[in-house]
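A quick write-up on the structure given underneath.
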Number of protein chains: 2
Amino acid sequence: MISGKIRWGILGTGYIAEKFAEALSFIPDAELVAVGSRSKNTAEKFASKYKIPNPHGSYKGLIEDPEVDVVYVGTLNNVHKDNCIMAINAGKPILCEKPFMVNSKDAIEVITLAREKKVFLMEALWTRFIPAFTEARKMWESGVIGDVRMVSSDFGFLCERSTTNPLFVSELAGGAFMDVGPYSVSMAHILFGEPDEITALADMGPTGVDEQIGMLFKYKGGEIVLGYSSFNVESPKEATISGTKGYIRIHEPFFCPTGFTLHLNGQKPQVFESPLEGNGWNYEAVEVMECLRAGKLECDLVPHEETLALGRTMDRFRAHIGLKYKGIE
Amino acid sequence: MISGKIRWGILGTGYIAEKFAEALSFIPDAELVAVGSRSKNTAEKFASKYKIPNPHGSYKGLIEDPEVDVVYVGTLNNVHKDNCIMAINAGKPILCEKPFMVNSKDAIEVITLAREKKVFLMEALWTRFIPAFTEARKMWESGVIGDVRMVSSDFGFLCERSTTNPLFVSELAGGAFMDVGPYSVSMAHILFGEPDEITALADMGPTGVDEQIGMLFKYKGGEIVLGYSSFNVESPKEATISGTKGYIRIHEPFFCPTGFTLHLNGQKPQVFESPLEGNGWNYEAVEVMECLRAGKLECDLVPHEETLALGRTMDRFRAHIGLKYKGIE
């Protein structure tokens with residue numbers, strides 16, 4: 001258990017690492033004390049930008065830094081596994097960026113080790129901790145929109161194809177499905193859990209990864225979920241939860257919303273707003289800190305079983321569209 | 001070729017027949033002169049409500065009425081074929097409600113006959129003639145939103161399951177896919193034509209028809225289309241056309257909209273409005289009248305080839321979800 005300020009170390013120096021560094025500045029009792037990169041130079045540049053005292057030119061250096069209480073893993077998909085195993089063996093609690101692992105076999109291995117070593121571990125499903133999302137979720141869970149029968153969500157963004165951008169590199173587990181697909185898969189799981197049936201159609205690009213994908217999920221009760229992920233277009237980035245009494249539209253971007261609209265059948269729409277305090281990523285960081293202070297090994301909203309289930313569903317979709325990562329499996 | 005007022009006869013007395021009767025009242029040079037039903041009593045009730053001089057207690061009576069210039073077929077799905085064949089043989093031009101036929105085999109038979117007999121025939125895809133829809137279509141066709149890569153649309157409405165409601169009766173070719181699915185299938189075809197691949201997941205209800213369905217279409221260029229039809233929920237009823245430069249959201253209900261919003265990447269959304277003059281169904285009726293006056297045998301926006309292509313795609317989806325109508329095929 002940890003009391004007082006909690007000292008964070010960030011693994012990685014890309015876009016998401018920057019966002020997480022900014023996020024910590026919104027949390028009074030969080031301290032960002034270290035950053036780790038494969039290159040000392042990159043770590044130092046990042047450290048200077050965010051005023052971080054300990055830059056490390058290796059992942060190992062960051063993980064073994066005695067001043068670090070908890071590690072945020074914001075590296076590329078294909079090294080999450082090694083990063084997590086190293087941190088668990090060093091007894092360091094982990095918040096690991098999604099997708100947690102490249103496949104569920106790796107997820108089982110890492111989670112099993114975390115359980116054995118009694119180390120806190122959580123997948124960074126930040127959306128679940130955003131206030132407007134939490135409010136919307138409370139509303140549909142309270143039954144206001146009746147029985148939920150359909151959910152849809154889309155997350156497409158424009159990303160020019162390039163053989164040097166990791167998002168297009170098969171060996172780095174790139175592609176739209178792995179990058180933004182987890183948001184749609186997570187929406188399905190939040191409402192209904194693991195699907196009974198799935199199907200999908202994907203546009204496989206010349207670099208061997210999917211560049212856009214449409215997904216369908218079906219459940220035993222007949223519920224249907226639609227999902228869409230893309231590097232081809234800036235899509236509306238909305239989520240819609242439709243029930244027998246109405247629907248909730250989570251405003252764009254649904255993965256970090258500041259509001260939602262309730263449409264009850266035959267009534268005027270009602271808008272609900274919950275502005276962000278911070279950049280959005282701070283909420284999941286606060287959650288991790290609360291878990292650590294409470295001595296928890298997993299988070300109630302993102303328990304290990306949830307991460308494993310998401311991994312299994314991701315595997316099923318990849319098998320369905322024939323998406324195989326070179327050199328990984 | 002017809003000049004002067006055009007005299008309509010309506011086959012059927014249900015919801016859609018009522019809407020069409022109302023629609024004709026908005027067209028100065030249209031006259032509603034006859035209605036036909038299997039029952040004389042029903043025909044007379046309908047005729048009295050809409051001040052129609054000639055009620056017919058049989059479909060044959062309506063079709064052979066010499067005062068009728070053109071027949072609107074608004075009967076149940078399973079009798080469209082017989083109605084159309086009878087009208088073609090009587091030399092009567094036809095506007096036939098969608099879904100045109102129960103399967104594409106029947107569509108080929110009816111269209112072949114219409115071509116042989118040189119009788120005007122058009123599937124009632126009313127959306128394509130609604131001003132706001134036409135304006136939105138012009139916009140995406142002009143390239144304002146770049147290359148279109150994704151289209152999605154949903155049409156769900158709440159409809160309580162009942163063994164007496166034709167929408168739930170297998171022998172009458174019921175189900176959400178056949179009833180509101182044509183709108184999503186049509187959206188895919190408007191943009192990209194016949195899909196290269198399709199897949200779907202459907203909730204088959206206890207009466208043997210689908211009660212909700214999620215559909216995916218994929219094209220050779222990698223374009224993806226998502227569709228959703230349902231009797232379970234009042235869904236948003238929107239259509240989104242997403243391109244590399246932005247997207248167009250057709251306002252609800254997208255099948256009869258009064259406006260749309262243009263979202264260009266990085267810019268403020270722009271709303272465009274084109275109010276309806278009439279109830280929406282009048283536009284397709286006007287189109288039919290213009291075609292008749294021009295001596296056309298098919299409509300440029302809904303040519304026979306389009307109706308046949310839609311029928312083939314519908315067949316593929318039904319085969320995919322195992323939807324078979326009792327006693328029909």
Side-chain angles (χ1 to χ4, degrees), chain A residues 145-152 154 156-158 160 195-205 210-238 240-247 249 252 261 263-266 269 320, chain B residues 145-152 154 156-158 160 195-205 210-238 240-247 249 252 261 263-266 269 320:
Chain A
I145 56 167
D147 294 331
V148 178
R149 305 289 301 153
M150 189 273 266
V151 171
S152 72
D154 66 278
F157 70 104
L158 201 58
E160 207 179 329
D196 193 40
E197 289 177 61
I198 59 119
T199 186
L201 291 175
D203 178 24
M204 302 301 289
D210 64 297
E211 298 189 0
Q212 66 172 356
I213 177 171
M215 297 164 245
L216 295 175
F217 308 62
K218 195 186 134 190
Y219 292 84
K220 287 207 166 59
E223 301 89 350
I224 302 272
V225 176
L226 290 86
Y228 171 72
S229 310
S230 178
F231 290 162
N232 288 174
V233 299
E234 295 286 339
S235 77
K237 303 185 185 71
E238 292 168 336
T240 305
I241 300 96
S242 294
T244 48
K245 295 181 182 170
Y247 69 91
R249 163 72 50 88
E252 66 90 15
T261 303
H263 299 253
L264 287 178
N265 297 343
H320 192 85
Chain B
I145 56 167
D147 294 330
V148 177
R149 304 290 301 153
M150 189 273 266
V151 171
S152 71
D154 67 276
F157 71 104
L158 200 59
E160 207 179 329
D196 193 41
E197 290 177 60
I198 60 117
T199 186
L201 290 175
D203 178 24
M204 302 300 290
D210 65 297
E211 297 190 1
Q212 66 172 355
I213 177 171
M215 297 163 245
L216 295 175
F217 308 63
K218 194 185 135 191
Y219 292 83
K220 287 206 166 59
E223 301 88 350
I224 302 272
V225 176
L226 288 86
Y228 171 72
S229 311
S230 178
F231 291 161
N232 288 174
V233 300
E234 294 286 339
S235 76
K237 303 185 185 71
E238 291 168 338
T240 305
I241 299 95
S242 295
T244 47
K245 295 181 182 172
Y247 68 91
R249 164 72 50 88
E252 66 89 17
T261 303
H263 299 253
L264 287 177
N265 296 343
H320 191 85

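Here is how names work: the chains are called A, B, and so on, in the same order as the sequence lines, proteins then strands, and each is numbered from 1.
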Here the gap from A:I145 atom CD1 to B:E234 atom CD, rounded to the nearest 0.5 Å, amounts to 13.0 Å

Out of curiosity, A:L226 CG to B:L201 CG, how far, rounded to the nearest 0.5 Å?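 So the CG of A:L226 and the CG of B:L201 are separated by 9.0 Å.
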
Considering only heavy atoms, which portion of A:L158 lies under 4.5 Å from any heavy atom of chain B: side chain, backbone, both, or neither?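 A:L158 touches chain B through side-chain heavy atoms alone.
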
Can you say whether A:T240 sits under 4.5 Å from chain B via the side chain, the backbone, both, or neither, judging by heavy atoms?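 The side chain, not the backbone.
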
Check whether any side-chain heavy atom of [X] sits under 4.5 Å from a side-chain heavy atom of [Y], and report yes or no.
| X | Y | result |
| --- | --- | --- |
| B:T244 | A:N232 | no |
| B:M150 | A:Y228 | yes |
| B:R149 | A:D203 | yes |

Do you know which of [options] has the most heavy-atom pairs under 4.5 Å to chain A?
| options | result |
| --- | --- |
| B:G214, B:G146, B:S152 | B:G214 |
| B:M215, B:E211, B:Q212 | B:Q212 |
| B:G246, B:S235, B:A202 | B:A202 |

Evaluate whether atom NZ of A:K245 has more than 12 neighbouring non-hydrogen atoms of other residues, nucleotides or ligands under 6.0 angstrom away.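 Atom NZ in A:K245 is not crowded, with 12 or fewer foreign heavy atoms closer than 6.0 Å.
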
Heavy atoms of other groups near B:D196 CG, more than 12 under 6.0 Å: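 Correct, the count exceeds 12.
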
Charged N to carboxylate O below 4.0 Å: is that the case for A:R249 and B:E238?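 Salt bridge flag = yes for B:E238 with A:R249.
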
Taking every heavy-atom pair that is under 4.5 Å apart, which of A:G243, A:S242, A:P236 has the most such pairs with chain B? A:P236

Shortest non-hydrogen contact from B:T199 toward A:L216: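 Nearest heavy atoms, B:T199 then A:L216: O-CD1, 4.3 Å.
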
Which bit of B:F217 is near chain A, if near means a heavy-atom gap under 4.5 Å: side chain, backbone, both or neither?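 Answer is backbone: N, CA, C or O of B:F217 sit under 4.5 Å from chain A.
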
